[in-house]
Amino acid sequence: DFRWEKLKTGRFMFVHGGQPQAMLSYALHRKGVDISRITAVNGAQPAAAMAAFRSGEADWFHEQAPYPQQLEHEGVAHVVASVGEAIGPVAFSSLAAAPAWLARPEAKRFVRAYRKAREWVNTAPPEKVATAEQSFFPDIHREALARSIAYYQELGCWAGEVTIDRAHYETALDVFTHSKLITKRHAYDEVVAPLPA
């Protein structure tokens with residue numbers, strides 16, 4: 001049975017800085033592990049990090065799907081923990097738009113299309129979504145990609161309404177405050193705009 005405490009030993013491959021490290025740091029914090037006590041190996045970009053992990057430069061590897069699933073597909077790793085499970089629902093990937101654009105007709109059309117796309121990726125068979133997305137991941141085996149999509153569906157990454165609710169926004173602030181990537185908790189109403197009807 002994997003326990004997060006095992007991450008205190010060995011070398012850990014992850015991309016330093018920014019959102020990926022912030023999410024990892026907060027997940028480890030929630031599980032009682034101080035990221036500053038981990039021996040980090042700078043992974044740079046996913047392809048370079050995967051190559052370094054394959055060659056034995058690290059004992060652990062952190063990256064968003066489908067990269068860990070690809071390593072698992074190759075038989076060189078096992079997915080043992082989930083940052084998403086450790087943190088829970090969070091406003092993660094968000095869209096930014098100027099207020100003037102949100103008032104235009106194309107904003108309504110975009111939101112309609114975005115809702116449909118989110119619903120499809122959340123409910124379609126993972127293999128079908130993998131086929132549609134394969135060109136974005138040419139170095140990832142289709143099986144690994146489908147497994148990644150199935151897991152994200154199970155985790156609820158694309159479930160629910162496309163708006164950012166206050167609770168998920170507050171969790172994002174927790175993540176970025178913990179990693180000192182923001183200096184204050186910006187008010188929800190100053191950051192999150194209502195979507196066009």
If you compare all heavy atoms of [X] against all heavy atoms of [Y], which two are closest, and at what distance to 0.1 Å?
X	Y	answer
Arg118	Ala159	NH2-O, 3.1 Å
Pro126	Ala146	CB-O, 3.4 Å
Pro20	His62	O-CE1, 3.5 Å
Ile164	Tyr169	CG2-CB, 4.0 Å
Phe53	Val76	CE2-O, 3.7 Å
Leu102	Pro194	CD1-O, 4.5 Å

For a 4.5 angstrom cut-off between non-hydrogen side-chain atoms, does [X] reach [Y]?
X	Y	value
His29	Ile35	no
Thr123	Trp158	no
Leu95	Tyr114	yes
His141	Arg147	no
Glu63	Met50	no
His168	Phe92	no

Enter the distance from [X]:[atom1] to [Y]:[atom2] here, rounded to the nearest 0.5 Å.
X	Y	atom1	atom2	answer
Asp139	Phe137	CG	CZ	11.0 Å
Leu145	Thr131	CG	OG1	8.5 Å
Glu143	Gln70	CD	CD	10.0 Å
Gln64	Gln19	CD	CD	5.5 Å
Trp120	Lys128	CH2	NZ	6.5 Å
Arg104	Arg109	CZ	CZ	9.5 Å

For [Y], does its backbone N or O pair with a side-chain atom of [X] as donor and acceptor, under 3.5 Å?
X	Y	result
Ser179	Phe176	no
His78	Val80	no
Tyr152	Ala65	yes
Gln153	Val121	yes
Gln134	Ile140	yes
Ser25	Gln21	no

_Assess the residue pair His178 and Arg30 against the criterion (side-chain contact (heavy atoms from CB on, under 4.5 Å)); give the C-alpha distance rounded to whole Å, side-chain angles, the decisive distance to 0.1 Å, and a yes or no._
CA-CA 11 Å; His178 173 78; Arg30 287 181 53 93; over 6 Å; no
*Taking side chain to side chain donor-acceptor pair (under 3.5 Å) as the test, write out the residues that go with Ser82, two or more places apart.*
Tyr151
Cluster overlap [X] with [Y], hydrophobic side-chain contacts below 4.5 Å:
X	Y	value
Val162	Val90	no
Leu155	Val129	yes
Ile87	Ile182	yes
Tyr26	Leu173	yes

*With sequence neighbours excluded, give me every salt bridge (charged side-chain N to carboxylate O under 4.0 Å, His left out) pair touching residues 170-179.*
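Applying salt bridge (charged side-chain N to carboxylate O under 4.0 Å, His left out) to every pair that reaches into residues 170-179, excluding sequence neighbours, yields Glu170-Arg185, Asp174-Arg185.
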*Pairs involving residues 187-197, ordered by first then second residue, that meet salt bridge (charged side-chain N to carboxylate O under 4.0 Å, His left out) (sequence neighbours left out)*: Arg166-Asp189
